[in-house]
Amino acid sequence: MNDKNKTKEELIKELQVLEQTHNSLKARLQEELADKEEEDSILKKLIQAAQEFIEFTEDSPNFNKLLQIVFDISGAKYAALNIFDDNGLDFTTVALVGINKNILKGISILGFEVLNKHWIHDPHRAAKTKQQIITRFIHLNELTSDVIPKNVIYLIEKIFSIDETFIIKIVKENKVLGDFTLLFNKGETLINNSLVELYANLTGMFLDRVKLTNILKNSEIKHSTLISNISDVIGIIDLDGIIKYKSPNSEKWFGWKPQNLIGTDGRLTIHPDDLQRIQKELITLFKKENLSKTVQYRYKCKDGSYKLVELTATNLTNDPIINGVLLNYHDITQRKQIEEELRENTEMLQTIIDNIPVMIIYFDENGKIKIANQELVSVLGWTFTEWETENIFAKCYPEPEVLKEVLDFMISEEVGWKDFKTHTKNGTIIDTVWMNIKLPNGISMGIGQDITIRKRAEEKLIENDNFLQKLNADKDRFISILSHDLKSPFNSILGFSEVLTEDIRKLNTDEIEDIARNINKSARNTLYLLEDLLAWAMTQQGKIIFKPQKLSLADICKNILEILNPKAVAKNITINYYVADSIKVFADIDMIKTILRNLVSNALKFTNNGGTINVSSEENSENVTISISDNGVGIKPENITKLFNISEVITTKGTAEETGTGLGLLLCKEFVEKHGGKIWVESEVGKGSEFKFTLPMST
């Protein structure tokens with residue numbers, strides 16, 4: 001039957017079929033986009049573009065929205081959308097992005113309009129963009145020959161700092177429907193080339209559909225002509241699976257002419273491995289009117305090959321026009337390739353992230369975790385599932401003020417590094433350093449490292465530095481003692497010996513005895529000094545052998561007091577002894593004797609003639625406290641803290657002008673602490689001093 005002879009009613013029915021086909025396609029896209037997971041930012045942009053297409057009014061599309069999407073994903077500074085005439089040569093600029101009204105007004109003042117301008121065919125531009133979808137122009141003046149005045153091009157480049165320009169053709173089946181013109185500032189260039197090209201293809205499909213829809217509405221052409229120009233294949237089968245209709249582009253897609261398929265069993269074109277699955281879906285579909293199902297399977301082409309398609313089937317058996325199941329075949333080969341590439345890229349990105357030896361975590365503006373890598377799991381202990389389902393940040397930083405500080409830092413716009421004490425799943429606290437990165441899509445990324453070992457090393461370095469400084473101070477004090485305190489007794493010995501050498505025949509016996517006594521005294525003091533210096537040096541080098549054993553404290557005290565008793569008698573000082581014979585200590589005998597000798601000697605030195613010294617002990621379950629007290633001159637409060645510090649050793653002459661080095665108390669402190677005890681002093685000027693130290697009673 002000739003198409004011109006069709007009645008208006010038949011045309012209306014055919015238009016209804018087209019509308020139902022379109023609605024079915026639109027519903028399928030909406031359902032697909034609603035269920036699709038957004039795996040990364042590129043996939044998000046793709047889905048966003050598809051959603052925008054669904055929202056457009058097909059007979060009056062929003063060109064600004066079309067342009068805004070490619071503007072967002074390309075990184076361009078300025079962008080324009082041009083729609084070609086039917087001749088495929090001339091075009092009109094229908095949308096601009098990035099250029100405000102004031103700039104447009106400025107260009108207009110120059111005598112040049114851009115928006116809604118109709119451009120005449122430019123052979124130079126057409127030749128350069130002919131062989132490719134994306135064409136790069138290094139300078140704006142390469143974009144056209146004589147269409148735009150040279151002075152306008154020069155001003156545009158200078159005012160807007162334009163560098164590279166890209167033309168992205170919008171093509172449908174080798175027919176140019178339009179293009180995107182993208183302009184970039186100096187130092188910038190096109191990003192996401194593959195996504196931009198894919199978006200241009202999607203735009204081509206959309207503009208093609210828009211154009212065909214407008215043709216239908218404006219010129220009442222036959223619906224068969226419209227369907228033949230729709231990229232999808234339309235078909236109708238009855239409830240027995242017999243094909244009642246196939247759109248003309250079936251031949252282009254699959255090689256089958258519609259007349260060769262009509263009247264045949266539609267199941268013959270389904271791959272044998274997919275047949276059972278598809279039959280189950282169709283049986284369910286046949287049972288309920290107006291029900292739609294979308295399935296994917298391999299469709300058999302005429303040459304015997306198979307093409308992957310997505311079929312949306314709608315049960316319209318109650319529709320008097322369709323009276324069957326409406327089929328919409330969509331070629332998803334390209335989409336599957338894109339999905340596979342995205343999947344591979346996502347897996348590759350995750351592999352890279354998991355193998356980077358730093359902790360990485362992504363979370364959105366609501367704090368929901370998007371990605372956590374293996375290093376984060378290994379260091380902190382919580383699995384990725386736990387990060388997704390629990391508030392792990394609150395466990396890492398249990399103190400509310402610290403948690404707030406961490407979260408504020410992570411979502412901050414300012415990039416930087418910050419140290420935090422972080423709790424792990426096993427209860428340990430580690431030192432970590434984190435860097436925050438704010439991504440353009442609202443995602444925040446934290447990059448962290450476990451720096452516990454480094455922190456301990458830094459603390460050890462500080463400790464070693466302090467220790468070295470102390471050693472250096474000790475060395476300086478040691479040298480000072482050697483240079484000053486040894487000089488005095490040697491000068492005394494030399495002086496008296498010179499007198500003996502030169503005047504011995506002139507001196508009487510009493511004078512010689514007095515000089516000999518002074519020489520002996522100086523030599524003995526020098527010996528004591530050397531012994532103290534040697535002992536001190538050996539303790540600092542760890543060369544004194546520590547041999548603790550169970551000892552009678554009373555026996556050691558009696559031995560020391562017997563040695564020092566002549567000094568006490570010489571100064572008419574009484575030494576009282578209150579140490580029980582039963583007290584046993586676990587100590588090194590030589591060290592204990594050195595401690596007692598120094599402390600009792602100091603008490604004798606600073607006690608006046610006729611004074612008293614008390615030696616006593618007090619025991620408890622763990623140790624013994626030995627006390628040596630006197631009623632001598634006492635010690636000034638400001639000097640008490642200096643007694644056991646080599647960097648501030650003080651020497652004071654005794655009540656009989658006795659001299660010392662100040663090293664004796666330092667040795668006492670070293671030896672007491674060697675036993676695990678402690679030593680201290682209580683004193684009051686003019687009333688005397690009491691030195692106390694503790695020794696263990698057992699090992």
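Atoms considered below: every heavy atom in the structure, side chains included; atoms not considered: hydrogens, waters and symmetry mates.
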Do Thr432 and Met359 pass the side chain to side chain contact (heavy atoms under 4.5 Å, CB included) test, and can you show the C-alpha distance, the side-chain angles, and the key distance before you say yes or no?
CA-CA 10 Å; Thr432 59; Met359 296 180 284; 4.2 Å; yes
Are Glu513 and Asp510 close enough, and set up right, to give a side chain to side chain contact (heavy atoms under 4.5 Å, CB included), and what steps lead you there?
CA-CA 5 Å; Glu513 286 180 353; Asp510 291 340; 4.1 Å; yes
Are Leu599 and Phe693 close enough, and set up right, to give a side chain to side chain contact (heavy atoms under 4.5 Å, CB included), and what steps lead you there?
CA-CA 10 Å; Leu599 294 178; Phe693 68 95; 3.7 Å; yes
As a quick check of understanding, evaluate side chain to side chain contact (heavy atoms under 4.5 Å, CB included) for Ser689 and Glu682, giving each step before the final call.
CA-CA 6 Å; Ser689 303; Glu682 299 169 1; over 6 Å; no
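Between Phe546 and His675, the distance from one ring center to the other falls under 6.0 angstrom.
With hydrogens and angles disregarded, no donor-acceptor distance shorter than 3.5 Å links the side chain of Asp630 to the backbone of Gly688. Although no hydrogens or angles enter the test, the distance criterion places no donor-acceptor pair under 3.5 Å between the side chain of Ser627 and the main chain of Ser616. Judged by distance alone, with hydrogens and angles left aside, the side-chain atoms of Lys571 form a donor-acceptor pair with the main-chain N or O of Leu604 at under 3.5 Å. Listed for the Asn520 side chain is no donor-acceptor partner under 3.5 Å among the backbone atoms of Ala516. Formation of a donor-acceptor pair under 3.5 Å by the Asn631 side chain with backbone atoms of Thr612 is found in this model. Between the side chain of Thr501 and the main chain of Ser497, a donor-acceptor pair closer than 3.5 Å is present. Between the side chain of Glu498 and the main chain of Gly495, no donor-acceptor pair closer than 3.5 Å is present. Proximity of a side-chain donor or acceptor of Ser683 to a complementary backbone N or O of Ile635 within less than 3.5 Å is detected. With Thr607 contributing its side chain and Ala603 its backbone, the two residues share a donor-acceptor pair below 3.5 Å.
Side-chain contact check for Ser444 versus Met410: every heavy-atom pair is 4.5 Å or farther apart. In this structure, the side chains of Ile462 and Glu459 stay at 4.5 Å or more apart for every pair of heavy atoms. Taking the side chain as every heavy atom from C-beta outward, Phe691 and Ile595 never approach each other to under 4.5 Å. Contact check for Trp387 versus Leu376: side-chain heavy atoms found under the 4.5 Å cut-off. In this structure, the side chains of Thr594 and Arg597 come closer than 4.5 Å at one or more pairs of heavy atoms. At least one side-chain heavy atom of Glu399 sits under 4.5 Å from a side-chain heavy atom of His423. Residues Leu564 and Ser601 meet the side-chain proximity criterion, which asks for heavy atoms closer than 4.5 Å. For the pair Tyr577 and Cys557, the minimum side-chain heavy-atom distance is below 4.5 Å.
No more than 12 heavy-atom neighbours from other residues, nucleotides or ligands sit within 6.0 angstrom of CD1 on Ile453. Summarising the local packing, CD of Glu618 is surrounded by 12 or fewer heavy atoms from other residues, nucleotides or ligands at distances under 6.0 Å. For Lys674, the NZ atom is loosely surrounded, since the number of other residues' heavy atoms within 6.0 Å does not exceed 12.
Atom CD1 of Ile560 and atom NZ of Lys593 lie 6.0 Å apart (nearest 0.5 Å). One distance of note links CG of Asp450 with OG1 of Thr424; it measures 9.5 Å at 0.5 Å rounding. Summarising the geometry, atom CG belonging to Leu643 is positioned 6.0 Å from atom CG belonging to Leu665; distances are rounded to the nearest 0.5 Å. Expressed to the nearest 0.5 Å, how far NZ of Lys425 lies from NZ of Lys395 amounts to 7.5 Å. Here Ile451 contributes atom CD1 and Phe420 contributes atom CZ; the two are 11.0 Å apart, rounded to the nearest 0.5 Å. Here the CD1-CG distance, from Ile556 to Asn559, works out to 8.5 Å after rounding to the nearest 0.5 Å.
Closest non-hydrogen pair, Thr452 versus Asp431, comes out as OG1-N, 3.0 Å. The minimum heavy-atom distance linking Leu380 with Cys396 is given by the pair CD1-SG, 4.1 Å. Closest of all the heavy-atom pairs between Ala580 and Ala554 is O-CB, 3.8 Å. The nearest pair of heavy atoms linking Ser617 to Ile583 is OG-CD1, 3.1 Å. When all heavy atoms of Lys455 and Asp419 are compared, the pair lying nearest together is NZ-OD2, 3.3 Å. The two residues Phe184 and Ser74 have their closest heavy-atom pair at CE2-O, 3.7 Å.
Checked by atom type, the side-chain pair Thr422/Tyr397 shows a donor-acceptor distance below 3.5 Å. There is no side-chain donor-acceptor pair under 3.5 Å between Asn609 and Asn572.
Using a 4.0 Å cut-off between a side-chain N of Lys or Arg and a carboxylate O of Asp or Glu, Asp408 and Lys418 do not qualify as a salt bridge. Salt bridge present: Arg517 and Asp514 bring a charged side-chain N and a carboxylate O closer than 4.0 Å. Under the 4.0 Å criterion applied to side-chain N and carboxylate O atoms, Arg454 and Glu458 are assigned as salt-bridge partners. A salt bridge between Glu340 and Arg343 is present, with a side-chain N of the basic residue lying under 4.0 Å from a carboxylate O of the acidic one.
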